[in-house]
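These notes are about the structure you will find just below.
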Amino acid sequence: MVMTEPGALEYQEYDVPAPGPGDVIVKVLCSNVCGSELHIWSGEHPKKSGGLGHETVGLVHQLGEGVVTDNAGQELKVGDRIAATYFIACQHCPTCQSGRLNLCENAYSFWAKQPEEYPHFHTTFSTHYFIHPGQFFYKVPDNVPDTLAAGANCALSQVYYGIDQAAVSLGHKVVVQGAGGLGIYATAILKSKGVDVIVIDADPSRLALAAEFGADHVINMNDYKTKQERVAAVRELTNGQGADACIEVAGVPAAFAEGLELVRSGGKFVTMGNVTPGKTIDIDPGFITRQQVMIIPVMRYSPEYLHKALSFLSKNIDRLPFNKMLDAEYSLENVKEALTDSMERKVTRATILLK
Ligand SMILES: [Zn+2]
Ligand SMILES: [Zn+2]
């Protein structure tokens, strides 16, 4: 499925190319609709045409020369179920060379291409998907269902990496701003580290789900209407100190300004939700200095976190209600419906199933 302009789709057909050295071609099993697809679909994203989809799981269709294992060293053969990072970590550019694989300068070099350009299958709302050298990929543990595995390369890997940047540990008190998919996964990861978790959101059903994933306290923004009230509520839950860390996955600039005040003196503020440049908010530099708040912005993740994310799902699949995070299935013919339903918030998280 190819977007010809925002809001318009057409079906295009290409021959599946032969893989070059280091490439892998997968036959797509399913592919999730993510928030970034909705940005592209509505025309708010720099990408104005081309393929859609970046969260997928599929079966190895063809292996390029030299590919004998996944990136964790597990033997690989045709028919194995794998998931890949949606970006490239080329390991050659100056940023990769400095060890920051999440900031690779070539991260989206293939994803931005138009479908008529070789190797055509750059995105995942498609029958096949072309994995390039530099995209890390891993076998999916047998007990992880397709729809969950498909999303592991985005929300779960993202928050897992982000949380590790704050180095939280047993007994810490941590605030999560936003209880969408990222916030729910953040709650699950934080609980696995023995952290006391406080989740803030305005949607009671999202907060209820956060509680099911282990949140110790939830703060409903309809009950605590102002920033001052929420800061006071967090103080009360943290012995008057403020949280050891705050994880921003709300995606609005106001949450950034507020999060700085939710942490204790010397606390850490990890910001991942605000990814659109150009939206601004007033902040108080003197307050940040005096409180010595450590601001940690996080973009993408180090590729091995996809492996960690898949293992996390496998270990916790029977313990946590992951099935409640995906609520709608569509066929490839109904991608448009999946996008519009997601846009109108008729569904929380849609998945495209390939037959
Ligand atoms: Zn995504
Ligand atoms: Zn690079």
Side-chain angles (χ1 to χ4, degrees), residues 24-35 37 53-61 63 67 69-87 124-129 131 135-164 180-193 209-210 212-214 300-330 338 347-355:
V24 178
I25 296 171
V26 298
K27 205 170 173 315
V28 174
L29 289 168
C30 79
S31 195
N32 293 350
V33 176
C34 177
E37 267 79 50
H54 62 278
E55 301 183 3
T56 193
V57 66
L59 302 177
V60 173
H61 178 64
L63 291 170
V67 184
T69 66
D70 69 6
N71 285 88
Q74 306 174 89
E75 222 172 283
L76 199 67
K77 58 181 188 315
V78 169
D80 282 344
R81 197 165 60 123
I82 60 170
T85 59
Y86 60 85
F87 54 87
T124 68
F125 292 174
S126 179
T127 56
H128 296 77
Y129 181 52
I131 299 173
Q135 264 180 291
F136 284 49
F137 58 89
Y138 300 96
K139 280 210 236 187
V140 176
D142 290 340
N143 68 340
V144 179
D146 293 343
T147 49
L148 258 189
N153 75 346
C154 195
L156 184 56
S157 298
Q158 186 62 62
V159 294
Y160 203 150
Y161 176 73
I163 286 168
D164 278 358
L182 289 156
I184 299 296
Y185 279 137
T187 302
I189 302 268
L190 288 165
K191 286 314 294 176
S192 75
K193 293 176 182 290
L209 190 57
E212 284 191 62
F213 274 82
R300 294 191 292 274
Y301 54 87
S302 200
E304 75 276 13
Y305 273 80
L306 173 55
H307 189 223
K308 293 185 184 207
L310 291 167
S311 304
F312 182 84
L313 289 172
S314 178
K315 264 185 230 141
N316 294 287
I317 196 83
D318 297 324
R319 208 174 59 77
L320 295 170
F322 291 114
N323 57 330
K324 294 192 178 169
M325 298 188 68
L326 282 145
D327 59 357
E329 295 177 349
Y330 298 84
V347 298
T348 312
R349 189 41 80 101
T351 192
I352 316 292
L353 294 179
L354 276 289
K355 276 160 248 134

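Numbers for residues simply follow the sequence, beginning at 1.
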Quiz item: Do the charged groups of K139 and D80 touch, with an N to O distance under 4.0 Å?
Solution: yes
Exercise. Indicate yes or no: at least one non-hydrogen side-chain atom of R81 is less than 4.5 angstrom from one of D146.
Key: yes
Exercise. Output the distance between atom CG (N71) and atom OH (Y138), rounded to the nearest 0.5 Å.
Key: 4.5 Å
Quiz item: Can you tell me how far the CD1 atom of I352 sits from the OG atom of S31, to the nearest 0.5 Å?
Solution: 7.0 Å
Self-check item: From L310, I189, L182, L148, residue fulfilling side-chain contact (heavy atoms from CB on, under 4.5 Å) relative to L156
Solution: I189
Quiz item: What is the distance from atom CG of D164 to atom OH of Y301, rounded to the nearest 0.5 Å?
Solution: 14.0 Å
Quiz item: Is the count of non-hydrogen atoms from other residues, nucleotides or ligands lying under 6.0 Å from N143 atom CG greater than 12?
Solution: yes
Practice problem: Measure across C30 and L353 and return the closest heavy-atom pair with its distance rounded to 0.1 Å. | Solution: CB-CD2, 3.5 Å
Quiz item: If you draw a 6.0 Å radius around NZ in K191, do more than 12 non-hydrogen atoms from other residues or ligands fall strictly inside?
Solution: yes
Self-check item: Smallest separation among heavy atoms of A83 and A149, with atom names
Solution: CB-O, 4.3 Å
Practice problem: Check the pair Y305, Y161 against ring-ring contact (aromatic ring centres under 6.0 Å, His included), reporting the backbone distance first and the verdict last. | Solution: CA-CA 6 Å; Y305 273 80; Y161 176 73; 5.2 Å; yes
Quiz item: For H54, does its backbone N or O pair with a side-chain atom of N153 as donor and acceptor, under 3.5 Å?
Solution: yes
Quiz item: How long is the gap from OH on Y86 to CG on L306, to the nearest 0.5 Å?
Solution: 11.0 Å
Practice problem: Answer yes or no for K315 and F312: cation-pi contact, defined as NZ/CZ to six-membered ring centre under 6.0 Å and angle to ring axis within 45°. | Solution: no
Quiz prompt | Pairwise side-chain contact, Y330 with V33, heavy-atom cut-off 4.5 Å (strictly under) | solution = no
Practice problem: Might you point out which heavy atoms bring K193 and I163 nearest each other, and give the distance in Å? | Solution: CE-CG2, 4.0 Å
Exercise. Look at the rings of Y185 and F322 and say which category their plane angle falls in: under 30° parallel, 30 to 60° tilted, over 60° perpendicular.
Key: tilted
Quiz prompt | Non-hydrogen side-chain atoms of K324 and I184 separated by less than 4.5 Å | solution = no
Quiz item: How far apart are the closest heavy atoms of I82 and V24, and which atoms are they?
Solution: CD1-CG1, 4.0 Å
Quiz prompt | Considering all heavy atoms, the nearest P145-I317 contact | solution = CD-CD1, 3.7 Å
Quiz item: If you take all heavy atoms of R349 and G35, which pair is closest and at what distance?
Solution: NH2-N, 4.2 Å
Quiz item: Under 3.5 Å, is there a donor-acceptor pair between the T56 and T124 side chains?
Solution: no
Quiz item: So how far is it from S157 OG to E304 CD, rounded to the nearest 0.5 Å?
Solution: 10.0 Å
Quiz prompt | Spacing of M325 atom CE and N32 atom CG [to the nearest 0.5 Å] | solution = 10.5 Å
